Amino acid sequence: MDIPGIISCDDELRHWPADEARARAVQDRLRAHVRLDEPGPEPGFEGTVVGVDVAYDDARDVVAAAAVALDARTLAVVDEATAVGPVSFPYVPGLLAFREIPTVLDALARLARTPGLVVCDGYGLAHPRRFGLASHLGVLTGLPTIGVAKNPFTFRYVPPGPERGDTSPLLDDGTPRGEPEEVGRALRTQRGVKPVFVSVGHRVDLDRACAHTLRLATSYRLPETTRAADSLCRRALAGI
DNA sequence: GCGACAG
DNA sequence: ATCTTGTCGC
């Protein structure tokens, strides 16, 4: 596919941080490129919604990434791609992107079409430095991205109502002035089931991020994009 | 210093 | 994320 690339991916990968301090500095630098002023594609837009995910085998130092493209209107799978690579960074809360992004970019590059929206497994704005993996992937590729996570990380939320589509704010209480800040939303995608945690990545607003997530979570708690990508990267890892 | 902590 | 069997339920 064609990567619009707000930031040159190749350049960024050559300068991949060697330690945690440099990784945080990279986040602080790239954060300025996040665009929060665009609504993003409408749910059901003409194009593809792409789910990305990775699976690890730390013992063999291997990470497998998958990108699965669904037709945004019908949710039918129209393309799939995988990539494998070395585990380039340890797991450190707040630095997850450095572990996943290089291989995810390889998988994305193998798709035939440019995604209209990328759905990540994790956070975007809901991050200690407001630059989670969805933001990071968005800035490197220039693509609209959102983050859908299974856990609230360090943030607080009051459980949303019990019905599908009910939401409540995801709050950061650790702000400098002590005033809670909404960094995302808890979204109930199935009646009576634990919510997912949605945050903005790049070039999509929170309302649309939630609308897309709900539309993609047709029958299960998680969006079909995430389910498909999770399944594919596991199969890819098992096949090595 | 201690505990918590997306995947 | 990953280590891991059976088991309860629709």
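Proteins come first, then strands; the chains are lettered A, B, ... in the order of their sequence lines, and each starts at number 1. Small disclaimer: the values here were computed from a predicted structure and weren't measured. Heavy-atom basis, side chains included; hydrogens, waters and symmetry copies ignored.
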* To the nearest Å, give me how far apart CG (A:Asp172) and C1' (B:dA4) are. => 14 Å
* To do: Provide, to the nearest angstrom, the distance between the CD1 atom belonging to A:Ile101 and the C1' atom belonging to B:dA6.
  => 13 Å
* Would you check, one step at a time, whether the test side chain to side chain donor-acceptor pair (under 3.5 Å) holds for A:Ser231 with A:Arg235? => CA-CA 6 Å; A:Ser231 165; A:Arg235 277 178 277 141; 3.0 Å; yes
* Answer yes or no as to whether B:dG7 has its base stacked against A:Tyr56, where stacking requires a ring-centre separation under 5.5 angstrom and planes under 30 degrees apart. => no
* Structure fact -> Between CG of A:Leu170 and C1' of B:dC5 the distance, given in whole Å, is 14 Å
* Asked: For A:Arg234 and C:dT4, what is the distance between atoms CZ and C1' respectively, to the nearest whole Å?
  -> 13 Å
* Would you mind classifying the nucleic acid contact of A:Leu95 as base, sugar-phosphate or nothing, using non-hydrogen atoms under 4.0 angstrom? => base
* Asked: Under 3.5 Å, side chain of A:Arg191 to main-chain N/O of A:Glu163, donor-acceptor pair present?
  -> no
* To do: Name the closest nucleotide to the A:Phe153 side chain, picking from C:dT2, B:dG7, B:dA6.
  => B:dA6
* Can you check the A:Arg99 CZ to C:dT2 P distance for me, whole Å? -> 10 Å
* To do: Determine, using ring centers only, whether A:Tyr56 and A:Tyr91 are less than 6.0 Å apart.
  => no
* Asked: Rounded to whole angstroms, how far apart are CG on A:Asp61 and P on C:dA1?
  -> 19 Å
* Mind calculating the distance between CZ (A:Arg185) and C1' (B:dA6) to the nearest angstrom? => 19 Å
* Under 4.0 Å between any heavy atoms, over every strand shown, what does A:Gly147 touch: base, sugar-phosphate, or nothing? Just pick one. => nothing
* Can you figure out which of B:dG7, B:dC5, B:dA6 approaches the side chain of A:Tyr123 most closely? => B:dA6
* Between B:dA6 atom P and A:Asn151 atom CG, what is the distance in whole Å? -> 6 Å
* To do: Give a yes or no answer on whether the side chain of A:Thr145 reaches the backbone of A:Val118 with a donor-acceptor pair at less than 3.5 Å.
  => no
* Asked: Is it true that A:Arg113 and A:Asp71 have a side-chain N and a carboxylate O under 4.0 angstrom from each other?
  -> no
* Asked: Looking for any heavy atom pair under 4.0 Å, which part of the strands does A:Asp53 touch: base, sugar-phosphate only, or nothing?
  -> sugar-phosphate
* Asked: Nearest of C:dT2, C:dA1, B:dA6 to any side-chain atom of A:Leu237?
  -> C:dT2
* Choose from B:dA6, C:dA1, B:dC5 the nucleotide whose nearest atom is closest to any side-chain atom of A:Lys150. => C:dA1
* With sugar-phosphate meaning primed atoms plus P, OP1 and OP2, does A:Ala55 contact a base, only sugar-phosphate, or nothing at under 4.0 Å between heavy atoms? -> sugar-phosphate
